[in-house]
Amino acid sequence: MSDSKKSVIFHLGFLGLLFLLQFLLPAYHHGNLARIMVLATYAMGYNILFGYTGLLSLGHAMFFAAGMYGMGLTMTHLGWTAGPAMVAGFLAGVLVSAGIGFLALRTSGVSFMIVTLMFAQAGFLTILYFGEWTRGDEGFVIQQADRVFAGIDLSDPTNRYLAALLLFGLCLMLTIRLMQSRFGHVLIAIRENEERTQMLGYHVHHHKWLAVIASGTMAAVAGAAYALLFGYAGATFASVQYSIFPLLWVLLGGAGTALGPFIGTLFMFYLIDLSSSLTTAYMLIAGVALVLLTLFLPQGLVGEWRRRVMPWLT
Amino acid sequence: MELAPYLILGCIEGLVTAAVLALMAVGLSLVFGVMRVVNVAHGEFFMLGAVLAWFVADQLGGHPAIAFLAALIIAPLLVGTLAMIADMTILKRVSYDPERTIVATIGLLYIIQQLTLMTYGSNARPVEPPFNQRIAIPWFEWVDGGLSLYWPWGLGTTSYKLAVIGFAIMLLLGIWVLMTRTRIGLIMRATQLDRDIAQAYGIHVDRVYAMVFGLGAALAAMAAVLIVPIQQAHYLMGHDPLLLSFIVVIIGGLGSLVGTVIAAVMIGLSDGLISVFFTPTLAKIIATLMVTFVLIFRPSGLMGSK
């Protein structure tokens, strides 16, 4: 069996396990896992750019928020139903990531990180500035009656879990397919050695731009799904903290691994959940984790697992 | 209404912002220039400076001027020392790899910020300025064919704000002298140009790095001590100045000290003027978008090399 086939079967098996968990988990963890799967989708989007292409963005919250508000605003102010509103969230993600990618990719390395951070900040401030429509920090609730897609009530826990699993599964398999394709190989080549890739005749800049769009759009879809499934959109999701989170999740799980974002999100979610019951300064855990990770585990959990046990993992 | 007095007011407010921003951004730019490290925790060193200033002033009591002066010396020293320790224990161990240092300094940001929240709490606390006379802004009008001064609408500023501007200019000149006229500055510039050759000539690059990182943090702390009588110390106060310093450093050109100061004055003035006439949020959005334009037309910044 070829390595890529093994990898696909392994991940399908993992998705099957998540499906089975739906029947076994108690209500609290059941709800958490649905949330984690949506957030992990966001992290997988981030991973396309950071893990596979090697571009560190500090502004992905703006893509997440683009999807979230693309969906939420059309729903609340234009009265769109869930289907078209999701499409609006998707398109908002494509547009924002194409535009920001075009501008930010004029820089590279350190400047790219700072510039993405700045754009995300401008986006966050813009959401606050138009508080009349976005309701700023306070955010707005998406009514339960609107959260119905093709006759299925998405506010019901079981439906919500399955919808989150569907989204997560699709994006996971899409990432794996993408990274096993020619396009994905070029992205990985750019990460490993940009100049050599250029010299081999690939359009490095063009590929990077497409990577930003793919990454940003996946983040936006996750944002739109988050608003739809959990019924809330707020400016917090556009703040710097939400740009740092996917970086943290991906690093913890393992950058450049398909399953890393999920594992990282899972661990950090429960770590913060536990510590926030002890202290209000729960972000301390995130800070300590970041420092320890850079010092002792730069490959992340899944990265380490791949190195030791399953070298064929995507 | 007459526009001019408001313009003057906006300019003074803007120059105060510019003064503080220039100090902080020069610290950031110095660290980037010499070490090629983007210090995301820079804003937290700023915050720590303000909080320590409050702590020192609170412990000492006595006349506000003495307490303030003590804070102005002690807070930057402590923050600088802390930064040197962070450099030696964390940044050195990831061998200053650009991405890993960014991640590590993000971690440091949350550690410092949340530890401050746990100890100092979430209240904003003021420090008394050493002196604080009100100065009304004069304007003139034509009375009987001659000029006469008057003081419109109680618009005014304080002597302390003017002193902040003056003190920042002195400090910046001091940094310039340090970098261009002293042996330490020479060593720093040599390390910046070529780390390996500098090491081959017997310069302790590790020590230079620790010192530069400490100096950068100390500058941020000093900026914070200057602003804390105007703004109050709060555990989240490092966030906005950090983003503004990033803007300033990019517009000025990464690693260029002169460019950084020019950009700080530009951003500070536009921030002051737009805040007076419109809203602070709009001022920040415009400052952020200015970065875009600079990047489109001059990717390396105003004074950047390359």
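In what follows, chains carry the letters A, B, and so on, assigned in the order in which the sequence lines appear, proteins first and then strands, with residues in each chain numbered from 1. The figures here come from the full heavy-atom set of this structure, side chains too, leaving out hydrogens, waters and symmetry mates.
- Within 6.0 Å of CZ in B:R189 there are more than 12 heavy atoms belonging to other residues, nucleotides or ligands.
- Taking B:I102, B:I112, B:L108 one by one and counting their heavy-atom pairs under 4.5 Å with chain A, the maximum is reached by B:I102.
- Contact of the A:L290 side chain with the B:I111 side chain is not registered, since no non-hydrogen atoms from C-beta on lie closer than 4.5 Å.
- Atom CZ of B:F55 is surrounded by 12 or fewer heavy atoms from other residues, nucleotides or ligands within 6.0 Å.
- Heavy atoms from other residues, nucleotides or ligands lying under 6.0 Å from CZ of B:R125 number more than 12.
- Proximity to chain B is limited to the side chain of A:L251, based on heavy atoms less than 4.5 angstrom apart.
- Atom CG in B:L91 sits 9.0 Å away from atom OG1 in A:T294 (nearest 0.5 Å).
- Closest heavy-atom contact between B:D240 and A:Q121: OD1-NE2, 4.5 Å.
- Both the backbone and the side chain of A:L125 come within less than 4.5 Å of a heavy atom of chain B.
- Heavy-atom contacts from other residues, nucleotides or ligands closer than 6.0 Å to CZ of A:F267 number 12 or fewer.
- The contact between B:I106 and chain A is made by backbone and side chain atoms together, counting heavy-atom distances below 4.5 Å.
- With a 4.5 Å cut-off on non-hydrogen atoms, B:V38 touches chain A through its side chain but not through its backbone.
- Contacts between B:L109 and chain A at a heavy-atom distance below 4.5 Å are absent for every atom of the residue.
- Residues B:Y110 and A:Q241 form a side-chain contact, since some pair of their non-hydrogen atoms from C-beta on lies under 4.5 Å apart.
- At a 4.5 Å heavy-atom cutoff, the contact between B:F32 and chain A is made by side-chain atoms alone.
- Counting heavy-atom pairs under 4.5 Å between each of B:L115, B:L282, B:I247, B:V94 and chain A puts B:L282 at the top.
- Counting non-hydrogen atoms of other residues, nucleotides and ligands closer than 6.0 Å to NE2 of A:H77 gives a total above 12.
- The neighbour count for A:H203 NE2, taken as heavy atoms of other residues, nucleotides or ligands under 6.0 Å away, does not exceed 12.
- With values rounded to the nearest 0.5 angstrom, A:L56 atom CG is found 13.0 Å from B:R100 atom CZ.
- Residue A:I285: no heavy atom, backbone or side chain, is found under 4.5 Å from chain B.
- Side-chain contact check for B:L243 versus A:L117: some heavy-atom pair is nearer than 4.5 Å.
- The distance from the CD1 atom of B:I285 to the OH atom of A:Y129 is 7.0 Å, given to the nearest 0.5 Å.
- Within 6.0 Å of OH in A:Y270 there are more than 12 heavy atoms belonging to other residues, nucleotides or ligands.
- From B:I90, atom CD1 reaches atom CG of A:L295 across 6.0 Å, with rounding to the nearest 0.5 Å.
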What do the steps show when you test B:R93 against A:F296 for side chain to side chain contact (heavy atoms under 4.5 Å, CB included), and what is the final call?
CA-CA 10 Å; B:R93 292 200 44 186; A:F296 302 112; 3.6 Å; yes
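- In terms of heavy-atom pairs under 4.5 Å with chain A, the best-connected choice from B:H239, B:R36, B:Q113 is B:H239.
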